[in-house]
Structure formats: structure tokens, C-alpha cells
Amino acid sequence: MQVIILENKEQVAIEAADIIKAAILAKPDLVLGLATGSSPLGLYQKLIDANQNKEMSFRDVKTVNLDEYIGLEKTHDQSYAYFMRKQLFDQIDIQLSNTHIPSGMADDLQAEATRYEALLDELQVDLQLLGIGSNAHIGFNEPGTSFTKLTHVTDLAKETLEANARFFDTIDAVPTQAITMGIASILKAKRIVLIATGESKAQAIRCMVQGPVSETCPASVLQNHPKVLVIVDKEAASAL
Ligand code: F6R
């Protein structure tokens with residue numbers, strides 16, 4: 001695991017965007033794993049700028065998202081499907097048919113999880129972008145989740161509901177379940193880039209980088225992957 005510590009959030013966004021741009025330039029039909037949340041917003045804006053300036057194209061890029069809430073329609077403004085269209089897909093030249101997000105509205109969620117995992121196996125993710133929760137979750141793999149899990153339906157941890165309540169009118173409106181790539185699904189990616197900024201992530205970054213590999217710190221499993229780059233600002237690195 002390689003760790004790059006940068007001055008601030010803006011530098012993290014620039015560095016991560018440069019890596020993704022270079023990967024797409026080297027392989028125009030890159031399979032890119034994407035995350036939602038606050039962490040990738042700056043980086044997505046840089047990718048939009050690069051695409052609009054014709055530095056690179058997403059025309060043949062395929063994307064797979066990590067997760068989606070259970071029970072929110074794609075049109076709900078807090079669904080991850082809506083987030084991805086608004087924050088990235090609708091502003092770049094990607095073909096929407098090449099973008100994939102698990103459905104949290106499927107009648108049979110088990111079947112949806114199986115379908116999504118088969119899709120991941122078929123596409124084979126070249127580069128997976130990750131954020132990290134303050135409890136060190138990756139995707140929605142909360143502390144205690146088995147490292148052997150593939151795509152599955154999961155309950156969100158109390159800390160996650162509290163952290164995500166900022167996007168909803170009340171904490172009771174936050175969906176309590178999600179469908180997420182499992183740890184074993186995430187580890188199938190050929191290369192992983194994790195970004196984190198701010199002091200609220202400092203303990204999670206510490207257990208991921210320095211802690212024992214343990215299911216109590218889900219991100220620590222990344223120590224076992226051969227190609228992981230962690231890009232953090234000084235605050236997120238402050239407990240290292
Ligand atoms: C989002 C995801 C989550 C977030 C994490 C950090 O698709 O899988 O693991 O990356 O909760 O969220 P932010 O970036 O909002 O702090």
C-alpha cells in the first residue's frame with residue numbers, strides 16, 4: 001500500500017483526477033469502479049473539466065458503482081443513481097448504457113446481488129476508486145463484515161446513518177440498508193485508489209494503514225491487495 005500525503009482537499013482531487021485521466025488515456029475502454037459521497041466531488045469536477053476541454057473522452061469507458069441504498073427510486077435525489085448522473089455522468093460524454101449501479105429497488109435483491117457480481121466478473125474492474133467511512137468502512141462494508149463477502153445487502157451502521165443524515169431532512173429518512181460490493185468483490189479490482197480528507201477520517205486511515213488486518217477495520221484488508229494507492233490530505237493523515 002502506497003500512501004501520498006498532500007496539503008489539502010484540492011490537491012487530493014487533482015492528484016486522483018490525474019491518475020484516472022492517465023488510466024483512461026492509456027486504455028480508452030477502461031473499466032472504472034466509482035464511489036459516491038463527498039470525497040470524490042472535487043475529483044469528479046476535474047474529470048468533467050478535462051472531458052469538456054477535450055483532454056480525454058469517456059466514450060468507451062465503462063463504470064461500476066460500489067453501492068446503492070435500498071428503497072430509493074433512481075429519481076430520488078439522494079439515490080446514488082441520481083448522484084452519479086448529477087455529479088458526473090450527465091456532464092461527460094459517457095454512454096449511460098456503459099454505467100452500472102446495483103439496483104436498490106429490485107424485487108429480488110439476492111438475485112440483483114448475484115447479477116451484479118457476475119457483471120463485475122465479466123467486466124473486470126481496472127481501477128476502483130474508494131472513499132472511506134469514519135468507521136473505516138469501504139463501500140458499505142461496515143466493521144464486522146466478513147472479508148469473504150461478495151455483493152450483498154447490508155444494514156448500515158449507526159455511525160453511517162448519522163454521517164449520511166446530513167443529506168436527508170431527518171435521520172429517520174436515511175435508508176437503513178444498502179446493496180454493496182463486498183470486500184471480496186472490491187479486492188478483485190486490478191488497482192485501487194482510495195481518497196480521504198479531513199480529520200474525521202484520521203482514525204480510519206490509521207487503522208487501514210498501520211493496524212492489523214482485521215474485520216473490525218474493514219479498510220485494513222487493502223493491505224493484502226498488491227496495488228493500492230491511498231491519497232490523503234494532512235488532516236486525514238494526522239494520526240499516522
Ligand atoms: C460511497 C461509499 C462509501 C463512502 C464513505 C465516505 O459510494 O461507498 O464508502 O465512500 O462513506 O463518504 P464521504 O466521502 O461522504 O465521507
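Numbering of ligands and ligand atoms starts at 1, following listing order.
Remark: R59 CZ is loosely packed, at most 12 non-hydrogen atoms of other residues, nucleotides or ligands lying under 6.0 Å away. More than 12 heavy-atom neighbours from other residues, nucleotides or ligands sit within 6.0 angstrom of NZ on K21.
Of the protein's non-hydrogen atoms, G131 CA, 3.3 Å is the one closest to atom 10 (O) of ligand 1. Given atom 14 (O) of ligand 1, the protein heavy atom at minimum distance is S39 OG, 2.5 Å. The protein heavy atom nearest to atom 3 (C) of ligand 1 is G139 O, 3.6 Å.
Comparing heavy-atom distances from atom 1 (C) of ligand 1 across N135, T36, I132 singles out T36 as nearest. The closest heavy-atom contact to atom 11 (O) of ligand 1, among the options H137, M181, R166, K201, comes from H137.
Between F168 and Y69, the angle of the ring planes goes over 60°, which puts this pair in the perpendicular group of the 30/60° scheme.
Nearest heavy-atom pair, P175 versus L161, reported as atom, atom and distance to 0.1 Å: O-CD2, 3.4 Å. Between V12 and I231 the shortest heavy-atom distance is CG1-O, 3.8 Å.
Checked by atom type, the side-chain pair E142/T160 shows a donor-acceptor distance below 3.5 Å.
Within ligand 1, counting atoms from 1 as listed, the ones closer than 4.0 Å to a heavy atom of L66 are 8 (O). Near S38, with a cut-off below 4.0 Å to any heavy atom, the atoms of ligand 1 are 13 (P), 14 (O), 15 (O).
The closest donor-acceptor contact from the side chain of E117 to the backbone of T151 lies under 3.5 Å.
Ligand 1 has a nitrogen or oxygen under 3.5 angstrom from a nitrogen or oxygen of D67. Residue F140 has no N or O atom closer than 3.5 Å to an N or O atom of ligand 1.
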